[in-house]
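Data first, discussion second: the structure below is written as structure tokens.
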Amino acid sequence: MSEIEIKNLEQQFNDRIANDEKIEPKDWMPEKYRQTHIRQISQHAHSEIVGMLPEANWITRAPSLKRKVALLAKIQDEAGHGLYLYSACETLGISREELYEQLHSGKAKYSSIFNYPTLTWADMGAIGWLVDGAAIINQVPLCSTSYGPYARAMVRVCKEESFHQRQGFQIMMTLAEGTPEQKAMAQDALNRWWFPSLMMLGPTDDASVHTEQSMKWKLKRKTNDELRQQFVDQTVPQATMIGLTIPDPSLKWNEKTNHYEFDGLDWDEFWQVVKGHGPCNKDRIDARKNAWSNGKWVRDAAMAYADKESDKRIQQAI
Ligand code: BYC
């Protein structure tokens with residue numbers, strides 16, 4: 001293709017983005033747009049799948065049948081989200097095997113938040129309330145992201161995340177209204193999950209290498225700091241309502257800006273976790289690698305069955 005032809009295609013592509021048109025898998029797109037989407041969508045898919053592990057730790061210890069059923073349903077939803085997202089990513093020309101290989105080898109990232117341990121039942125409440133709460137704030141704008149398959153996947157994901165957030169908040173509310181020991185357990189979970197949940201929304205805008213380009217392509221519709229502020233403004237009143245204290249002594253309402261001021265994020269800790277040195281990084285990747293190798297016989301059996309069925313159809317057609 002000549003340089004002029006490429007320039008024309010780029011111009012048409014930029015016009016479509018400016019007009020809020022969706023880009024579809026067979027449309028022409030700049031190579032960097034394709035690669036950036038593979039990076040973000042795959043990272044998102046991996047986060048959903050790895051994100052099942054901290055909660056799976058509590059399935060057998062849920063305090064009642066009702067809680068167990070709700071937790072199981074939530075974890076199964078996360079598996080579904082991972083599958084829609086892997087499928088959306090495959091439309092960009094990368095195979096499922098390559099995506100898993102990137103996760104297992106450490107080439108692809110997944111969300112920092114899932115490298116923290118789940119120590120008590122209250123952590124199931126804190127994850128639903130705070131982690132899924134932060135995820136909704138991040139993902140609602142992604143429903144209008146420019147790449148069609150990603151945007152459509154996010155619509156259903158966001159509906160399910162709302163249920164997850166409510167089930168988490170309901171667990172926290174019940175504990176906060178319970179015995180002093182139960183309330184202390186809820187407060188302890190909030191203390192441990194608050195800052196990692198804020199940092200999950202990504203580095204500050206001045207340290208974010210991808211935001212500027214991703215905003216231009218309408219892959220991201222809000223910056224990391226905008227999302228973080230929205231999360232704090234939304235969540236602080238919820239904590240107050242159930243009688244829990246946000247573990248940030250500098251937190252205060254600013255009447256002029258109509259926003260909370262907050263502090264206390266440990267970015268050194270964040271980058272350590274992102275680089276693989278968090279409390280559970282090794283366990284999480286080992287669990288995914290084991291699931292992949294233990295599932296080989298299932299994949300082989302499914303392929304053998306598909307081949308047999310295909311042979312049968314060919315025989316019938318002859
Ligand atoms: N953890 O330039 P930046 C869920 C990396 S799952 C690890 O700001 P970007 C759930 C970033 O990749 C929800 N790494 O990047 C599941 C980049 O490194 P690379 C997961 C992080 O992409 C189960 C570098 O730092 N959500 O809800 O513009 C149970 C510079 O960052 C993190 C998504 O994946 C992090 N937290 O913005 C419960 C949403 N943050 O790639 C709940 C989709 C940044 O250059 N993703 N990095 O090596 C996004 O919206 C964006 O990718 C982010 C980061 C806002 C996360």
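Indexing begins at 1, ligand by ligand and atom by atom, following the structure's order. In this chain, residues are counted from 1 in sequence order. Computed over heavy atoms, backbone and side chain alike; hydrogens, waters and symmetry mates excluded.
- In this comparison of Met154, Gln213, His210, His164, the heavy atom closest to atom 15 (O) of ligand 1 sits on His210.
- Distance alone, capped at 3.5 Å, is enough to place a donor-acceptor pair between the Thr118 side chain and the Pro54 backbone.
- Taking the ring centroids of Phe13 and Tyr33, they lie under the 6.0 Å cut-off.
- Salt-bridge check for Asp225 with Arg228: passed, with a basic side-chain N closer than 4.0 Å to an acidic carboxylate O.
- Those atoms of ligand 1 that come under 4.0 Å of a heavy atom in Val209, given as number and element, are 2 (O), 30 (C).
- For atom 3 (P) of ligand 1, the closest heavy atom belonging to the protein is Ser208 OG, 3.4 Å.
- Seen from the ring of Trp292, Arg299 counts as a face-on cation partner, given the 6.0 Å and 45° thresholds.
- Within ligand 1, the atoms closer than 4.0 Å to a non-hydrogen atom of Tyr150 are 43 (C), numbered from 1 in the order shown.
- The option with the heavy atom closest to atom 33 (C) of ligand 1, from among His44, Arg39, Glu55, is His44.
- With respect to the salt-bridge test (charged N to carboxylate O, under 4.0 angstrom), the residues Arg166 and Asp132 do not qualify.
- Ligand-side atoms of ligand 1 in range of Ala135: 27 (O), range being under 4.0 angstrom from any heavy atom.
- Looking at ligand 1, you won't find any N or O of Ser214 less than 3.5 Å from one of its N or O atoms.
- Residue Asp132 has no N or O atom closer than 3.5 Å to an N or O atom of ligand 1.
- The Leu201 neighbourhood of ligand 1 comprises atoms 55 (C), with distances under 4.0 Å to a heavy atom of that residue.
- Under a 4.0 Å criterion applied to the non-hydrogen atoms of Phe270, ligand 1 contributes the atoms 32 (C), 35 (C), 36 (N), 40 (N).
- Between Thr120 and Asp123, some side-chain heavy-atom pair lies under the 4.5 Å cut-off.
- At least one N/O-N/O distance between Gln43 and ligand 1 falls below 3.5 Å.
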Query raised in the report: Taking it one step at a time, do Arg16 and Asp27 satisfy salt bridge (charged side-chain N to carboxylate O under 4.0 Å, His left out)?
Result: CA-CA 11 Å; Arg16 293 184 64 192; Asp27 296 343; 3.1 Å; yes

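- Contact check on Glu31 versus Arg34 returns a salt bridge, with a Lys/Arg side-chain nitrogen under 4.0 Å from an Asp/Glu carboxylate oxygen.
- Each of the atoms 29 (C), 38 (C) of ligand 1 lies under 4.0 Å from some heavy atom of Lys74.
- Cluster membership for Ile136 and Phe231, using ILVMFWY side-chain heavy atoms within less than 4.5 angstrom, is not shared.
- Proximity of Ile113 to ligand 1, defined as any heavy-atom pair under 4.0 Å, is not found for any part of the residue.
- Between Lys218 and Glu21 no salt bridge is recorded (no basic side-chain N to carboxylate O distance below 4.0 Å).
- With a 4.0 Å heavy-atom cut-off, ligand 1 is reached by the side chain of Lys220 but not by its N, CA, C or O.
- For atom 20 (C) of ligand 1, the nearest non-hydrogen atom of the protein is Ser47 CB, 3.6 Å.
- Protein heavy atom nearest atom 35 (C) of ligand 1, with residue, atom name and distance: Ser112 OG, 3.6 Å.
- What sits closest to atom 40 (N) of ligand 1 on the protein, heavy atoms only, is Gly202 CA, 3.4 Å.
- The shortest contact between atom 44 (C) of ligand 1 and any protein heavy atom is with Pro203 CD, 3.5 Å.
- Ring geometry, His104 versus Tyr100: the interplanar angle falls under 30°, so the pair is classed parallel (tilted spans 30 to 60°).
- Distances between N or O atoms of Glu48 and those of ligand 1 include no value under 3.5 Å.
- Counting only heavy atoms of the protein, atom 29 (C) of ligand 1 lies nearest to Glu78 OE2, 3.2 Å.
- Atom CD of Glu3 has 12 or fewer neighbouring heavy atoms from other residues, nucleotides or ligands inside a 6.0 Å radius.
- There is a protein heavy atom less than 4.0 angstrom from atom 13 (C) of ligand 1.
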Query - Intermediate values then yes/no, side chain to side chain contact (heavy atoms under 4.5 Å, CB included), Phe195 and Glu269 - result: CA-CA 10 Å; Phe195 293 109; Glu269 175 184 307; over 6 Å; no

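- For atom 19 (P) of ligand 1, the nearest protein heavy atom (residue, atom name, distance) is Lys109 NZ, 3.5 Å.
- Between the CG atom of Leu99 and the OG atom of Ser42 there is a distance of 6.0 Å, given to the nearest 0.5 Å.
- Distances from ligand 1 to the non-hydrogen atoms of Gln139 include at least one value under 4.0 Å.
- The closest protein non-hydrogen atom to atom 50 (O) of ligand 1 is Asn138 ND2, 2.9 Å.
- Around CZ of Arg61, the count of heavy atoms belonging to other residues, nucleotides or ligands within 6.0 Å exceeds 12.
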Query raised in the report: Checking side chain to side chain contact (heavy atoms under 4.5 Å, CB included) for the pair Asn254/His259: CA distance, chi angles, key distance, verdict?
Result: CA-CA 6 Å; Asn254 183 326; His259 291 297; 5.6 Å; no

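- When each atom of ligand 1 is checked for a heavy atom of Tyr110 under 4.0 Å away, the hits are 1 (N), 7 (C).
- For a threshold of 3.5 Å applied to N or O pairs, the pair formed by Met200 and ligand 1 contains at least one separation below that value.
- Those atoms of ligand 1 with a heavy atom of Glu161 less than 4.0 angstrom away are 27 (O).
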